[in-house]
There are 2 protein chains.
Amino acid sequence: MAVLTRKQREVRDRESRILDVACEMLIEHGYHGLSMDRIAEVLEYSKGTMYQHFSCKEEIILALANASLTDRLALFRRAAAFPGRPRERIVAVGVASEFFVRLYPHHFRLEQVLRLSSVWEKTSPERRQFMHHCESQCVGCVSGIVRDAMASGDLTLPDGATPEQLVFGLWSMSFGAQTILASSTSLVDIGIGEPHRALALNQARLLDGYHWRPLSTEFDYEVTAERIATEWSADETKPADSQITSGDSTKTILSTKPTSASAT
Amino acid sequence: MAVLTRKQREVRDRESRILDVACEMLIEHGYHGLSMDRIAEVLEYSKGTMYQHFSCKEEIILALANASLTDRLALFRRAAAFPGRPRERIVAVGVASEFFVRLYPHHFRLEQVLRLSSVWEKTSPERRQFMHHCESQCVGCVSGIVRDAMASGDLTLPDGATPEQLVFGLWSMSFGAQTILASSTSLVDIGIGEPHRALALNQARLLDGYHWRPLSTEFDYEVTAERIATEWSADETKPADSQITSGDSTKTILSTKPTSASAT
DNA sequence: TCATTTTTTGACAAGTCGTCAATTTCAGTA
DNA sequence: TACTGAAATTGACGACTTGTCAAAAAATGA
C-alpha cells in the first residue's frame, strides 16, 4: 500500500462519478430530477453504496457547490493578484465572476437550492463550514483590494462605512443579477436586453458612487476587462470545450496559476 | 343567488384558510415541511378537496407569492406617488421595499423556491403570468421615476444606457441582499454588521454613480427615508401587530391608498 | 319526495429517502 | 492454495410523498 490501495482509489473514483452524474441530472431535470435511486441505477451500484459516500441527497448538492466554490476562490485570488491599480483589480474580479458563470452555468441554481433552510439544515457541519470558508475568503479577497485602494489614496470611504460594506454591495448586486438571470426567462420583456453588460455597468457606477479613482468616466475599464478576458482565455488549453462542467475543463483554468486553497 | 351563493362563499373562505395554513407551515418548517396531507389534516378536509383548489403544491406557493406581490406593487405605486423630487421618490421606493420585507418576512423564501425551475414549471400559466405582471409593473413603476428625473434634468443617462438598466441595478442589488440575508446566518462573521443599512447606503452610492441629483453627499436622504417611514407607520391602524402576515395586517397597509391592481 | 348535479372522500398507484440485516468480496495468513 | 475475519455491497423494507379517481355524500331543483 504505497499511498492509496487499489480499493481506495476505486472508491475515490466512484465518488467523483457520483458527482458527475448528479450534476448532469441537476442540470437536466432540476432539483426534483435528482434522485438517489436514479444515480445508483445509472452507475449500476445499489443505493446503499451511494449512502456510503454521501449521507443524504443534500450532501451531494453541497459537495457540488463546494467544488465550484473552490474554483471560484482560485479565480478570485488570481484576479486579486492582477498587476494594476486597485480598481483595475476589481474589474479583474468582475471578469473572474463572469468566467465562473461560464464555467459553471449551473452553480447559481445549486446555491439557490442550498439557501433553502430545509435543505441547508440537512447538510453536514464540515461541508457547511467549508462553504462558509470559501465565501468569507472571497469577500476577504475583494475587501483586501478595497483596503489597498484606501492605502494608496484612490478611495476614501465615508465615515462609518467599512470595506466589507462596499463588498457587500458588489456581492449582492452580482448575486441578485445572476439569480434573476438564471431563473427568469423574460427579462427582455421587461426591457433589460443585455443583463451581463448591465451588471458590469451598474457595478462600475456603484464604485463611481464611492468615488473610487479613477472613475469609470475617466478611465475605460471595459478595455481592461476585455484585455483580461482575452489573456485568460488564451491560457485555456481548450477554449471551445463543452460548456457543461466535466471536471477537466475546471482543471485547465485552475492549473494556469496554482493557488494553494487549503481549507477545512 | 345575489352575488355569491352561500356555498361559493364557503369555498372562497376555505381557499384563504388553505393559504393561511400553508403559509404558516412554510414559515415554520420550510419548503419540505409543506405537505398537502398535513394541510388537509389541519383543516379537517380530505386531500381531494385540497386539489380542487390548487392543482399542485407549487400552485399554493405561487398563490402565496402573488398575494405578497400584489401588496408590494401597491406599496411601490404609493411610493412612486410621493410628492418630491424624483430621487426622493426613489428613496420612497426603498422605504416601501423595507416595509414589504417587514410585512412579509417569508416572501423571499417563497420567491427562492419559485425560482427553482423544477418548481416553477409545475405552476399554471395564469398564475405565472400574474407574477410576471406584478414584476414588470414594479419595474415600470420605478423606471417611470427614472424617466421623470431625466425629463426634469436631474439625471442624464450615459449613451446606450436605458432607465430599465438602472432599475435592474437597484433590483438585483436589493434582491441579492435580501436573499443572502434571508438565508445566511453568519453575515456578521464576514464583517457586515448592519446589512439593511449597508443596502440602503449602497443603493444611494449606485445612484450617485449615475450622477442622479441631488447626490447623497448634497442631500440627506436618510432624513427623507425616516420621514416617509414614520408617516407610513402612522397610517397603520395596528403598528404593533404580529409580524407574521395574517391577511389582516396586509389590508391595513393596502387600504390607505387603494390602487386598482387589476390583472389576469 | 325524488332525480340530478355537484362536492367530498379516502383508498390507491407510483414515487421519494434513508436503513439495515444478510450476502458477497476482499486481504492477510497458514 | 485454502481459510478466516473484516469490510464493502446489496436490495427489500418502512415511512413518507404527491396526485388520481371511482364511489359515497350532500346540495339543488322540480
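Please read all numbers here as calculations on a predicted model, not as lab measurements. So you know, we letter chains A, B, ... as the sequences are listed, proteins then strands, and number each from 1. All heavy atoms count here, side chains included; hydrogens, waters and symmetry mates do not.
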* Structure fact -> Rounding to 0.5 Å, atoms CG (Asp20(B)) and CG (Asp13(B)) come to a distance of 10.5 Å
* Asked: Who pairs with Phe100(B) by ring pair (Phe, Tyr, Trp, His ring centres under 6.0 Å), at least two apart in sequence or on another chain?
  -> Tyr104(B), His107(B)
Extract all donor-acceptor atom pairs below 3.5 Å that involve side chains of residues 54-66 of chain A and protein atoms in other chains or at least two apart in sequence.
from	atom 1	to	atom 2	distance (Å)
Lys57(A)	NZ	Leu34(A)	O	3.1
Glu59(A)	OE1	Ser124(A)	OG	3.2
Glu59(A)	OE1	Arg127(A)	NH1	2.6
Glu59(A)	OE2	Ser124(A)	N	2.6
Glu59(A)	OE2	Ser124(A)	OG	3.2
Asn66(A)	ND2	Arg127(A)	O	3.3

* Tell me, which pairs form a salt bridge (charged side-chain N to carboxylate O under 4.0 Å, His left out) where one or both residues lie in residues 175-187 of chain B, sequence neighbours left out? -> none
* **Test item: Ser136(B) side-chain N/O and His132(B) main-chain N/O as donor-acceptor pair under 3.5 Å** => yes
Would you list the protein and nucleotides 5-7 of chain D atom pairs, both N or O, that sit under 3.5 Å from each other?
none

* Structure fact -> Residues in residues 49-61 of chain A with a heavy atom under 4.0 Å of DNA chain D, by number, are Thr49(A), Gln52(A)
* Structure fact -> Here the distance between atom P of dC13(D) and atom NZ of Lys47(A), to the nearest Å, is 13 Å
* When the distance from CE of Met25(B) to C1' of dT18(D) is rounded to whole Å, what number comes out? -> 15 Å
* To do: Mind telling me whether Tyr31(A) and His32(B) have parallel, tilted or perpendicular rings, with 30° and 60° as the class edges?
  => tilted
* To do: Spell out, as yes or no, whether a donor-acceptor pair under 3.5 Å connects the side chain of Gln137(B) to the backbone of Leu73(B).
  => no
* Asked: For dG18(C), does either OP1 or OP2 sit under 4.0 Å from a side-chain N or O belonging to Lys122(A)?
  -> yes
* **Separation of dT8(C) P from Ile18(B) CD1 (nearest whole Å)** => 10 Å
* Asked: Which parts of residues 32-41 of chain A get close to DNA chain C, meaning a heavy atom less than 4.0 angstrom away?
  -> Leu34(A), Ser35(A), Met36(A), Asp37(A)
* For Arg72(B) and Val101(B), indicate whether the former's side chain and the latter's backbone hold a donor-acceptor pair under 3.5 Å. => no
* Asked: Could you give all pairs that pass the salt bridge (charged side-chain N to carboxylate O under 4.0 Å, His left out) test and reach residues 174-183 of chain B, with sequence neighbours left out?
  -> none
Look for any protein N or O under 3.5 Å of an N or O in nucleotides 20-24 of chain C and output each such pair with its distance, or none.
none

* Asked: Atom OH of Tyr31(B) to atom C1' of dT17(D): distance rounded to whole Å?
  -> 11 Å
* Partner set under side-chain hydrogen bond (donor to acceptor under 3.5 Å, both in side chains) for Glu15(B), not counting sequence neighbours -> His53(B)
* Asked: Is there any salt bridge (charged side-chain N to carboxylate O under 4.0 Å, His left out) pair reaching into residues 132-143 of chain B, and which pairs are they, with sequence neighbours excluded?
  -> Arg115(B)-Glu135(B)
* Just grab all the salt bridge (charged side-chain N to carboxylate O under 4.0 Å, His left out) pairs involving residues 178-195 of chain A, residues at least two apart or on different chains. => Glu194(A)-Arg197(A)
For residues 168-179 of chain B, which side-chain N or O atoms pair as donor and acceptor with protein atoms under 3.5 Å away, sequence neighbours left out?
from	atom 1	to	atom 2	distance (Å)
Ser172(B)	OG	Phe168(B)	O	2.7
Ser172(B)	OG	Gly169(B)	O	3.2
Thr179(B)	OG1	Phe175(B)	O	2.7

